Amino acid sequence: MSISSINYSSSILGAQIRNINQQLTDLSTQLSTGKLSQNYSGMGANEGFAIASRAQLSNIAAYTDTITNVNVNINLANTALQSLTTIRNTVQTGSAGTSQDLNVNGQTVAQNTAAAQFGSMVGVLNTQSGNRYLFSGTAVNTQSVANAGDIINGTTTLAGLKTVMAERQAADLGANGMGRLLQTQPTASSVKVSEDVAGSPFGLKIAAVSSTLTGATVTGPSGSPVSFSVDLNGTNPNNGDKLSVQFTLPDGTTEQIDLTATTATPTPAGSFAIDTTTPANTATNLNAALNTAIQKLANTSLVAASAVTAGDNFFNTASSAIGTPVNNQAAPAAPITGATALSGTAPSDSISPGFSAGDSITVNGTTLSFVASGATGNQLNVTDSIQTLLSKIDSITGTSRPSTVHGGVITINTDDASSLSISGSTAGATAALGALGFSSSPISATQPPLRVGSSPATSATTLVNGSATTVKWYQGNDGPGSARSTAVARVDDSVTVQYGAQADEDAIRNQLQAIAVFGTFSTSPTGQYSGGQVAALSLRTTQALTPQPGQQKVEDIQTDIAMAQNTMKDATTRQTQAKAQLQTIIDQAESASPDQVASEILSLQNALQASYQTTANLAQLSLVKFL
C-alpha cells in the first residue's frame, strides 16, 4: 500500500491562493488605471449606460468640430461684409461731394475712387475659406464673381458693362439727342411733342402736362405713341404764365421742365420770350425754349438714368415677363397704368376685354379667382386695379422686386425664371391676359442680362436677352430659395443653422451695381452737358448707396449670420453641460475608487498571508509526523 504525497498545486488551498493572487492583480490594475476592467465584460451591469453616454460624447465632439468650422466661415464672411460696408461708405461720401471737376478721361476723383473700390469689392466677394467660396451659395467650388476687368470691359467674345452702358445711352438719347422725342410745329401757333415709338423702353416718356398759359389749348398726353400739344391760338400768354411738362426717365425717376412766359430782356433761363408784336413768334420762341430744355434734360438726367438702367440690365439677375404696350379704353386712349381697372365699359380707364366674375388664372399652381365684389384670400374683384392684380401675383411668386407698369407695359418680376407660369384657366381670363399685353400662354419669364435689341441702337425699340453675348458677372449658385439656406450645418441633435451667402443678394448686388456704374461712366471733359451728367449720376449713386426702409442691407446679412453664431453659442453651452453629466455616468460605471481598491488589496494581502502560512504548515506534514 502506498500513500500519495500532498500536491500543493492541485490542493484547494493552492487554488484559493491563485484566486487571491488574481484578485490582487486585478485590483492593482484598477488602482493604476482607475478603471474597473480592461474589457467590457468586466465592467458590470452599468456598462450599457456608459456605452450610450460615450456615443453621445462622440456626437458632441462632432458637433464641436462642426461649430468650429462654421464659425471660421462665418467670421471670414462677416469680415468680408464689414469691408463691403466700408467700401459703400467711402464711395457714397465721394459721390455726395460737390466737386465735379473732370480729368482728361472725363471722370471725377470720386469716380476714380469708385473704380478702384469696385475692384476691391470683387476681391472681397471672392473670399475663400479653405477651398470654399463663401459668396457662391451651394456652388462652393466656383468663383463667386467674374474678374473685375472682365465685368467692366468684357472678354474677346462677351460684352462687359461698358459696352452695355454705351448701347443703352445711344438707344435712350436717339439719333437726334432728344431722348427719343419728336418735336414739331403743326401750325404757326402750336407746338407738339411725341414719343417716337409706342411701348419703346428707351428715352423720355411723357407723363403729364399742365399749363397756366392764358388763351392756350393743351391736349394730351394721350395717343399711341403718346404725345401732347400746346396751341397758343394766335394770342400771347401773360407775363409769368407757365407751361410744365413732366417726364419719366428709364430708371423710374421723374423730371419736370418748367417754361415761363416773359417779356424780360435778355430772356432768363427756363423762360420763353413773349413777342408783343407778332404772337406767332411767341409760339416759335416756346418751341425753341422747349427744344433747348428737352435737349438739356436728355443730355444730363436722361444720360445718368440711362447709365443706372444699363447697370440694372447688366447686374440684375431677377427674371421678368414683359408684356407688349397696352392702351386703356378711355377717350382719347392712353397707356394703361397701375390704376387702370381690370374691367369696365368704354370709355373708361380699363382694359378690353376685361376680367369677368367666374374667370380665374393660375399663378405657379395657385388659382386666383375673379368675383363681382367682396373678394377675399386669393380672389380679386373685377373692378380692382392692375396694380392689385400684380400685387397678388407677387405675393404668390415671392419676388424680391415688385412687378411694375411703365409706359403701358407690364413687367412681372420673379426671382426664379424656371418657375414662373401664369395662364388663364378660363377663356375669358386668357383673353383678358392678352388685353394686358401677354398674348402667349402660359406666361413665362426671360433671364437677364438685357441688351439693346437691334442696331443701330439709336433707333432700337426692344430689349432682348443678352445671356449668350454678355459677361455673366455672378458665377455662383442662382437657384430659388434663400441665400442663407445654401449652407446648412447640424450643430445639435435637433438644431441646424443656415449661414450661406450669395454675391447676387439684393444688398450686395445693388451696391456692386451702383459702384460699377459710377466708376465706369465717363464723358467728354469739355462737353456742354458733361458737368450736369456727372452731377445727375452722382446724385443717383448717393441715393442707391443709401439704405432704404424695406430694402435688404449688408447689415441684414450680418445680422442673419450673427443669429447663426448665437444659435451655435447656445448649443455649445448646452453641450458643455451635457458632456459633464455624461462623463459622470461613464466614471460611475467604469471607474474604480482608489480608497476601496486599496482597502480590498489590504484585505486580500492579509488573506493571502494567512493562506501562505497554512499552506506552508500543511506542506511540512509527513507520514511520520502524521503517525
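Because the structure is predicted, anything quoted here is derived from the model rather than measured.
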Subject >> Sidechain-backbone polar pair: S144 side chain, L125 backbone, donor-acceptor under 3.5 Å >> reply: yes

Original post:
Would a 4.5 Å heavy-atom cut-off, applied to side chains only, mark I422 and F438 as touching?
Top reply: no

**OP:** Measure from the side-chain N and O atoms of Q185 to the backbone N and O of N287, and report whether any donor-acceptor pair falls under 3.5 Å.
**Re:** no

Original post:
Considering only heavy atoms from C-beta outward, does the side chain of L436 approach that of L433 to under 4.5 Å?
Top reply: yes

**OP:** Using modelled atom types only, decide if a donor and an acceptor are shared between the side chain of S301 and the backbone of A298 within a distance under 3.5 Å.
**Re:** no

Original post:
Does one side chain, of T362 or S423, offer a donor that lies under 3.5 Å from an acceptor on the other?
Top reply: no

Original post:
Hey, does the side chain of S459 reach the backbone of S455 with a donor-acceptor pair shorter than 3.5 angstrom?
Top reply: no

Original post:
Do F314 and W473 have ring centres separated by under 6.0 Å?
Top reply: no

Original post:
So D506 and Q551, side-chain hydrogen bond (donor to acceptor under 3.5 Å, both in side chains) or not? Walk me through it.
Top reply: CA-CA 8 Å; D506 284 348; Q551 292 182 348; over 6 Å; no

**OP:** Examine the side chains of N316 and Q513 and answer whether a donor and an acceptor come within less than 3.5 Å of each other.
**Re:** no

Subject >> N233 vs T217, side-chain hydrogen bond (donor to acceptor under 3.5 Å, both in side chains): CA-CA, chis, key distance, verdict >> reply: CA-CA 7 Å; N233 294 313; T217 301; 2.9 Å; yes

Original post:
Quick check: does any side chain N or O of Q502 sit under 3.5 Å from a backbone N or O of N477, one acting as donor and the other as acceptor?
Top reply: yes

Original post:
Using 4.0 Å as the upper bound for N to carboxylate O, is an ion pair formed by K296 and E255?
Top reply: no

Original post:
When you measure from the side chain of S136 to the backbone N and O of T142, does any donor-acceptor pair fall under 3.5 Å?
Top reply: yes

Original post:
Distance-only, no hydrogens or angles: does the Q552 side chain make a donor-acceptor pair with backbone N or O of A507 under 3.5 Å?
Top reply: yes

**OP:** Please check if any side-chain donor atom of T340 sits under 3.5 Å from a side-chain acceptor atom of D349, or the reverse.
**Re:** yes

Subject >> Atom pair CG/OG of L342 and S385 - distance to nearest 0.5 Å >> reply: 6.5 Å

Subject >> side chain to side chain contact (heavy atoms under 4.5 Å, CB included) assessment of R484 paired with E505 >> reply: CA-CA 10 Å; R484 234 55 74 231; E505 293 187 58; 2.8 Å; yes

Original post:
Does the side chain of S439 come within less than 4.5 Å of T324's, by heavy atoms?
Top reply: no

Subject >> Residue pair Y474 / R509, side-chain heavy-atom distance below 4.5 Å >> reply: no

**OP:** For the residue pair Q329 and S350, confirm or rule out a side-chain donor-acceptor distance under 3.5 Å.
**Re:** yes

**OP:** Would you give the length of the straight line joining atom CG of N510 to atom CG of D312, rounded to the nearest 0.5 angstrom?
**Re:** 8.0 Å

Subject >> Step-by-step side-chain hydrogen bond (donor to acceptor under 3.5 Å, both in side chains) determination, D251 to T309 >> reply: CA-CA 5 Å; D251 64 349; T309 306; 5.3 Å; no

**OP:** Kindly compute the distance separating CG (L537) from OG1 (T300), expressed to the nearest 0.5 Å.
**Re:** 12.0 Å

Show which side-chain atoms of residues 194-207 pair as donor or acceptor with protein atoms under 3.5 Å away, not counting sequence neighbours.
from : atom 1 : to   : atom 2 : distance (Å)
E195 : OE2    : I206 : N      : 3.0
D196 : OD2    : R180 : NE     : 2.6
D196 : OD2    : R180 : NH2    : 3.1
S200 : OG     : F202 : N      : 3.2
K205 : NZ     : S200 : O      : 2.4
K205 : NZ     : F202 : O      : 3.1

**OP:** Compare all side-chain heavy atoms of T85 with those of Q558 and state whether any distance is below 4.5 angstrom.
**Re:** yes

Original post:
Does T212 reach the main-chain N or O of D241 with its side chain, forming a donor-acceptor pair under 3.5 Å?
Top reply: no

Original post:
Taking C-beta and beyond as the side chain, do N381 and V371 meet within less than 4.5 Å on heavy atoms?
Top reply: yes

Original post:
Do the side chains of L81 and F135 get nearer than 4.5 Å, heavy atoms only?
Top reply: yes

Original post:
I257 and I294: side chain to side chain contact (heavy atoms under 4.5 Å, CB included), yes or no, with the steps?
Top reply: CA-CA 8 Å; I257 291 174; I294 290 175; 3.8 Å; yes

Subject >> Interatomic spacing from CG in L390 to OG in S403 - rounded to 0.5 Å >> reply: 5.5 Å

Original post:
Of the non-hydrogen atoms in R540 and L249, which two are nearest, and what is the gap between them?
Top reply: NH2-CD2, 3.5 Å

Original post:
So which heavy atom on V471 is nearest to which on I151, and how close?
Top reply: CG1-CA, 4.3 Å

Subject >> M563 side, atom CE; Q498 side, atom CD - distance, nearest 0.5 Å >> reply: 10.5 Å

Original post:
Is there a donor-acceptor contact under 3.5 Å from the side chain of T414 to the main chain of L420?
Top reply: no

**OP:** Take L389 and D384 through the side chain to side chain contact (heavy atoms under 4.5 Å, CB included) test and state the conclusion after the steps.
**Re:** CA-CA 8 Å; L389 170 62; D384 284 338; over 6 Å; no

Original post:
Do I515 and L545 pass the side chain to side chain contact (heavy atoms under 4.5 Å, CB included) test, and can you show the C-alpha distance, the side-chain angles, and the key distance before you say yes or no?
Top reply: CA-CA 8 Å; I515 293 174; L545 295 177; 4.3 Å; yes

Original post:
Hey, what do you get for CG (L173) to CD (Q295), rounding to the nearest 0.5 Å?
Top reply: 10.0 Å

**OP:** Using atom types as modelled and distance alone, determine if a side-chain donor or acceptor of N413 lies under 3.5 Å from a backbone N or O of D394.
**Re:** no

Original post:
Which atom names give the shortest non-hydrogen contact between Q379 and G374, and what distance separates them?
Top reply: OE1-O, 4.2 Å

Subject >> Shortest non-hydrogen contact between Q256 and D258, atoms and distance >> reply: NE2-OD1, 2.9 Å

Subject >> Partners passing side chain to side chain contact (heavy atoms under 4.5 Å, CB included) against S190 (at least two apart in sequence or in another chain) >> reply: P186, T187, D231

Subject >> Contact check, side chains of T388 and L380, non-hydrogen atoms, under 4.5 Å >> reply: yes

Original post:
Taking all atoms of both residues into account, what is the closest heavy-atom pair of R168 and N313, and its distance?
Top reply: NH1-OD1, 3.2 Å

**OP:** Carefully, step by step, assess Q92 and T546 under the rule side-chain hydrogen bond (donor to acceptor under 3.5 Å, both in side chains).
**Re:** CA-CA 8 Å; Q92 185 184 42; T546 301; 2.6 Å; yes

**OP:** Grab the two heavy atoms, one from T470 and one from R451, that are nearest each other, plus how far apart they are.
**Re:** OG1-NH1, 2.9 Å

